[in-house]
Amino acid sequence: MVASHMRTAFSVPDSRLYIRSGYPSEPFLAEAASRQMYLYMRDSPNTMISILKNNLDHGLIDLGQRGEVVMRVLLRKAYMEAIVAEQGSQGPQPNFSKGCSFLQFLKALFADRHHDRILKATPENGVEEHTLEDAFKDAVVRFTHFVKAVDDTVVKTEAMEAGFMRGSAFICHNRQKDVDIIIPVLLDKDDTVAESSMSALLIQVKRRK
């Protein structure tokens, strides 16, 4: 199982009766998977959706997790499209670990008719008059995979720094209120990656009533 499914063996006791293993955050493997996924989607754009639908139809994914799984597919698809839009689709495969403009990512995530409304949005508190487009014009997102959190420590800028460095977004733990998925955002592409230069895109997933 470890050899065939790229699972990492953490330790083996002297008795050798069992192996402690798991799937930790692995940036190199995530980049390789992203490039392979890109090839599949280039030839058949609905590949990811078809695979997900098949698993949903056969009950492989628990009902309570379906919304979040679908959202993660949409986020990854938008991220990959944003990367291709910035790096181009000709020549070598795109480098998905390089990251992309936060605004380009939002444009890929939402239909064209919503772009102006989103980019021209201003804070509801009225303190700042800058639009979202102005405030995040130099911001960058970078995530090739998702990491499941075990507690609420990921809802901090310290975790955003670590996530951005490893190219990972976060799936919040099952008891986390109000937020289901967190994507680290570097506010200025020219800044050094540090806690003080990080923000986040917080996403809540709800079932349609």
Side-chain angles (χ1 to χ4, degrees), residues 5 7 22-27 29-31 33-34 36-38 40-41 44-85 96 99-115 117-119 121 124 132 136 139 141-157 159-160 162-164 166-185 198-209:
H5 297 277
R7 191 177 178 91
Y23 292 101
S25 169
E26 181 44 71
L29 182 59
E31 173 65 24
S34 295
Q36 186 60 59
M37 194 182 303
Y38 165 73
Y40 288 146
M41 293 175 60
S44 179
N46 294 323
T47 296
M48 291 174 61
I49 301 300
S50 298
I51 294 174
L52 177 60
K53 181 180 183 303
N54 181 65
N55 289 327
L56 290 174
D57 291 344
H58 289 82
L60 182 63
I61 301 174
D62 181 77
L63 181 62
Q65 298 179 350
R66 290 185 180 184
E68 293 181 19
V69 172
V70 171
M71 175 56 73
R72 295 202 298 271
V73 170
L74 294 176
L75 292 171
R76 286 287 296 132
K77 190 171 186 295
Y79 176 73
M80 295 175 75
E81 289 179 357
I83 289 289
V84 173
F96 295 99
C100 68
S101 161
F102 176 67
L103 297 181
Q104 185 65 51
F105 170 66
L106 289 182
K107 290 177 181 178
L109 187 59
F110 295 96
D112 292 349
R113 64 180 183 277
H114 299 303
H115 288 178
R117 178 183 177 186
I118 294 171
L119 298 179
E124 293 185 354
L132 184 148
F136 291 92
V141 291
R142 176 177 181 264
F143 65 102
T144 56
H145 60 294
F146 292 88
V147 174
K148 178 72 174 180
V150 297
D151 54 35
D152 60 2
T153 56
V154 297
V155 194
K156 298 180 179 179
T157 49
M160 296 306 102
F164 189 88
R166 293 193 67 82
S168 65
F170 297 100
I171 306 167
C172 294
H173 68 92
N174 296 337
R175 298 177 302 283
Q176 181 71 51
K177 294 183 178 180
D178 302 324
V179 183
D180 297 303
I181 297 172
I182 304 177
I183 299 176
V185 179
M198 299 303 301
S199 184
L201 176 61
L202 309 180
I203 301 170
Q204 185 182 57
V205 181
K206 291 288 189 180
R207 295 182 64 186
R208 179 178 295 178
K209 296 181 179 179

When every non-hydrogen atom of Met37 is compared with those of Met48, the smallest separation belongs to SD-SD, 3.3 Å
Using the test side-chain contact (heavy atoms from CB on, under 4.5 Å), find all partners of Leu74 that sit at least two apart in sequence or belong to another chain. Val70
Listed partners of Thr47 passing side-chain contact (heavy atoms from CB on, under 4.5 Å), at least two apart: Tyr40, Ser44, Ile51
Can you name the residues that form a side chain to side chain donor-acceptor pair (under 3.5 Å) with Glu31, not counting sequence neighbours? Arg35, Ser97
Just checking Lys53: does its NZ atom have more than 12 heavy atoms from other residues, nucleotides or ligands closer to it than 6.0 angstrom? no
Exam field: side chain Thr144 to backbone Gly167, donor-acceptor pair closer than 3.5 Å: yes
For Val141 and Ile183, which heavy atoms make the closest approach, and how far apart are they? CG1-CG2, 4.2 Å
Heavy atoms of Cys100 and Phe105 approach each other most closely as SG-CB, 4.1 Å
Show your reasoning for whether side chain to side chain contact (heavy atoms under 4.5 Å, CB included) applies to His145 and Leu29. CA-CA 10 Å; His145 60 294; Leu29 182 59; over 6 Å; no
Start with the C-alpha gap between Ile171 and Val154, add the side-chain angles, then the distance that decides, and say whether side chain to side chain contact (heavy atoms under 4.5 Å, CB included) holds. CA-CA 9 Å; Ile171 306 167; Val154 297; over 6 Å; no
Which value, rounded to the nearest 0.5 Å, describes the distance between Cys172 atom SG and Asp178 atom CG? 10.0 Å
Determine all donor-acceptor pairs shorter than 3.5 Å in which one atom belongs to a side chain in residues 75-84; sequence neighbours excluded.
residue : atom : partner : partner atom : Å
Arg76   : NH1  : Phe143  : O            : 3.3
Arg76   : NH2  : Ser34   : OG           : 2.7
Lys77   : NZ   : Glu81   : OE2          : 2.8
Tyr79   : OH   : Phe96   : O            : 2.5

Contacts of Arg166 that satisfy side-chain contact (heavy atoms from CB on, under 4.5 Å) - sequence neighbours left out: Ser25, Pro27, Ser168
Supply the atom-to-atom distance Ile203 CD1 to Ile181 CD1, rounded to the nearest 0.5 angstrom. 5.5 Å
Residues passing the side-chain contact (heavy atoms from CB on, under 4.5 Å) test with Val155, sequence neighbours excluded, are Gln176, Ile182
Side-chain contact test, heavy atoms from C-beta onward, threshold under 4.5 Å: evaluate it for Gln204 versus Asp180 and give yes or no. yes
If you measure from CG on Asp152 to NE2 on His173, what distance do you get to the nearest 0.5 Å? 5.0 Å
Please report the closest heavy-atom contact between Gly99 and Arg142, naming both atoms and the distance. CA-CB, 4.0 Å
Value rounded to 0.5 Å, distance of CG in Leu132 from CZ in Phe102: 6.0 Å
Rounded to the nearest 0.5 Å, the CD atom of Glu68 sits from the NZ atom of Lys206 at a distance of 10.5 Å
